[in-house]
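First comes the structure, then the notes that go with it.
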Amino acid sequence: MIFGLFAILAIYIFSISLLIYGFLKIKKYQKQDLEPKTSFTIIVPFRNEEENLPLLLESFSKLNYPTDLFDVILVDDSSNEKFQFLNSKFQISIIDNIRISNSPKKDAITTAMQHVKTDWVITTDADCIFPENWLLTFDNYIQQKKVSMLAGAVTYQCGNSFLDHFQQLDLTSLQGATIGSFGLNKGFMCNGANFAYTKLFFESLNGFEGNDKIASGDDVFLLQKAIQKFPQKVYYLKAEEAIVTTKSTENWTSLFHQRVRWAAKTSSYNSNFGKFLGLIVFFGNLSFVIGFFSFLLGIFSYPIFVIFAFSKISVDFILLSITNRFLTKTRIKSLLLSSLWYPFFSSTVALYSLFGSYKWKGRQFKK
């Protein structure tokens, strides 16, 4: 058993090392102060977000971008109360979601597409805040590259509790894997809170056709379909001025259901690299759990378990450190405690996602 666990660890360390290489391979992008030319429609699906929407619109109003070059479409997915807004500096409309599939968010984006008049759309979430040069950075990159789809980074606006630190570290690991996979030309994951593509490109991919039975995945399945058909048109925007900030969940139960929702779509990936990496990360974390209990039962000696744990945590730390430096420019908090707890949490989420249901926006979903 010891040999098997260390074999898994060796494959895990090799895989994470590849992601580190891929992350470093993608250079940071700095906007060039080009004259803005790209027209955007920002699509925001929402459900019962009356507290977050005013902050969202305020953030849009502070964008350093010509107001005649961007519109906002808010898509109401059966909220309990109708949201109303006062006059704004930019064009904004609220439409009702037209449900045609098992995925509310995919339906919301598809519904909004019928109203889009601009060349580009960029999707985000109602609980997000944006840097003032967000659209300007996207625009500059689009002008300089022949690109039809562009993924951007997302980070958390966190408090100072262990739950907040754990979530930040978890999201950092996902962002590191995302950027690293793009650097390896194996992109398979992105975040719908900061995801842009042209309307024509979306239509050429037939939208979400083929995966609309899966409740989540409006971002990753569209990305994987795009990379499968037109890999030369899909890029990652590694730019600090384009990082979107979103809210962390408020309790462990919400976090668990959110991560189950994210994990549930892994088995349906079109990307073989994504599936392989998902399995390696799962078995890498599960082997840590098995190793821990083996140590408690006396099967593993203390030195063997320490070597095993140190090796895994060390390679994780490198990826987390370089990614966190890009996302937040602050030191990693609660690293050791989070690193020890994460394998147990992650393994439970992965196993539960195979059979269990989850709650999302007040609704119950099955895989």
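Nothing fancy with the numbering, it's 1 onward along the sequence.
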**Ser181 side chain reached by Leu277 side chain, heavy atoms, under 4.5 Å** = no
**Residues forming a side chain to side chain contact (heavy atoms under 4.5 Å, CB included) with Asn160, sequence neighbours excluded** = His165, Lys333
**Asked** Step by step, would you call Tyr12 with Phe282 a ring-ring contact (aromatic ring centres under 6.0 Å, His included)?
**Response** CA-CA 9 Å; Tyr12 178 87; Phe282 168 66; over 10 Å; no
**Asked** So, do Phe208 and Ile109 sit near enough that their side-chain heavy atoms are less than 4.5 Å apart?
**Response** yes
**Request:** Determine, step by step, whether Ser321 and Asn324 satisfy the side chain to side chain donor-acceptor pair (under 3.5 Å) criterion, reporting the C-alpha distance in whole Å, the side-chain angles of both residues, the deciding distance to 0.1 Å, and the verdict.
**Result:** CA-CA 5 Å; Ser321 181; Asn324 187 69; over 6 Å; no
**Asked** Taking the side chain as C-beta and beyond, is there a heavy-atom pair between Phe182 and Val234 under 4.5 Å?
**Response** yes
**Request:** Determine whether Leu135 and Ile42 make a side-chain contact, defined as any pair of heavy atoms from C-beta on separated by less than 4.5 Å.
**Result:** yes
**Request:** Give me the ring orientation class for Phe288 and Phe305: parallel if the planes are under 30° apart, tilted from 30 to 60°, perpendicular past 60°.
**Result:** tilted
**Message:** Determine whether Phe70 and Phe90 satisfy the following criterion, ring-ring contact (aromatic ring centres under 6.0 Å, His included), listing intermediate values before the conclusion.
**Reply:** CA-CA 7 Å; Phe70 76 93; Phe90 48 86; 5.3 Å; yes
**Request:** Check the side chains of Thr137 and Asn133 for a donor-acceptor pair under 3.5 angstrom, ignoring hydrogens and angles.
**Result:** no
**Request:** Test ring-ring contact (aromatic ring centres under 6.0 Å, His included) on Phe130 and Phe60 and set out the steps.
**Result:** CA-CA 7 Å; Phe130 313 89; Phe60 286 152; 5.0 Å; yes
**Request:** Evaluate the side-chain proximity of Leu69 to Thr38: yes if any heavy-atom separation is below 4.5 Å, no if none is.
**Result:** no
**Item:** Parallel, tilted or perpendicular, as decided by the 30° and 60° cut-offs, for the rings of Trp120 and Phe40
**Value:** tilted
**Message:** Once you measure the plane-to-plane angle for Trp134 and Phe138, does it fall in the parallel (<30°), tilted (30-60°) or perpendicular (>60°) bin?
**Reply:** perpendicular
**Request:** Measure the acute angle between the ring planes of Tyr197 and Phe195, then classify it against the limits of 30° and 60° as parallel, tilted or perpendicular.
**Result:** perpendicular
**Request:** Please report the closest heavy-atom contact between Asp107 and Ile100, naming both atoms and the distance.
**Result:** OD2-N, 3.0 Å
**Prompt:** Which one of Asp119, Thr118, Thr123 satisfies the side chain to side chain donor-acceptor pair (under 3.5 Å) criterion with Thr41?
**Reply:** Thr118
**Request:** Indicate, with yes or no, if Leu335 and Ile322 share a hydrophobic cluster defined by side-chain heavy-atom contacts under 4.5 Å among Ile, Leu, Val, Met, Phe, Trp and Tyr.
**Result:** no
**Message:** Show the nearest heavy-atom pair for residues Ile313 and Leu340, with the distance to one decimal.
**Reply:** CD1-CD2, 4.2 Å
**Request:** State whether Phe23 and Lys238 meet the cation-pi test: NZ (Lys) or CZ (Arg) under 6.0 Å from the six-membered ring centroid, and within 45° of the perpendicular axis.
**Result:** yes
**Fill in**
Shortest non-hydrogen pair, Pro45 vs Lys105, comes out as CG-CG, 4.0 Å
**Message:** Could you measure the distance from the NZ atom of Lys247 to the CD1 atom of Ile129? Nearest 0.5 Å is fine.
**Reply:** 8.0 Å
**Message:** Quick check: closest heavy atoms across Val220 and Met189, and the distance to 0.1 Å?
**Reply:** CG1-CA, 3.9 Å
**Asked** Do the rings of Phe300 and Phe6 sit parallel, tilted or perpendicular, given the 30° and 60° boundaries?
**Response** tilted
**Request:** Take Asp139 and Gln143, measure what side chain to side chain donor-acceptor pair (under 3.5 Å) needs, and give me the verdict at the end.
**Result:** CA-CA 6 Å; Asp139 162 79; Gln143 288 192 53; 2.9 Å; yes
**Prompt:** Could you go step by step and tell me if Phe308 and Phe295 meet the ring-ring contact (aromatic ring centres under 6.0 Å, His included) rule?
**Reply:** CA-CA 11 Å; Phe308 187 93; Phe295 162 66; over 10 Å; no
**Nearest heavy-atom neighbours spanning Leu169 and Ser338** = CD2-CB, 3.4 Å
**Request:** Apply the test side chain to side chain donor-acceptor pair (under 3.5 Å) to residues Gln167 and Thr249: give CA-CA distance (whole Å), side-chain angles for both, the deciding distance (0.1 Å), then the verdict.
**Result:** CA-CA 8 Å; Gln167 288 184 77; Thr249 61; 2.8 Å; yes
**Prompt:** What residues, two or more places apart in sequence or in another chain, satisfy side chain to side chain contact (heavy atoms under 4.5 Å, CB included) together with Ala112?
**Reply:** Ile43, Ile73, Val75, Ile95
**Asked** Which heavy atom of Thr323 sits nearest a heavy atom of Gly176, and at what distance?
**Response** OG1-CA, 3.3 Å
**Prompt:** Mind checking whether Tyr352 and His257 have parallel, tilted or perpendicular rings, split at 30° and 60°?
**Reply:** perpendicular
**Prompt:** Run the side chain to side chain donor-acceptor pair (under 3.5 Å) check on Asp127 and Asn52 step by step: do they pass?
**Reply:** CA-CA 5 Å; Asp127 58 356; Asn52 292 321; 5.1 Å; no
**Request:** Measure up the Phe166 and Tyr342 rings against each other and bin them: parallel (under 30°), tilted (30 to 60°), perpendicular (over 60°).
**Result:** tilted
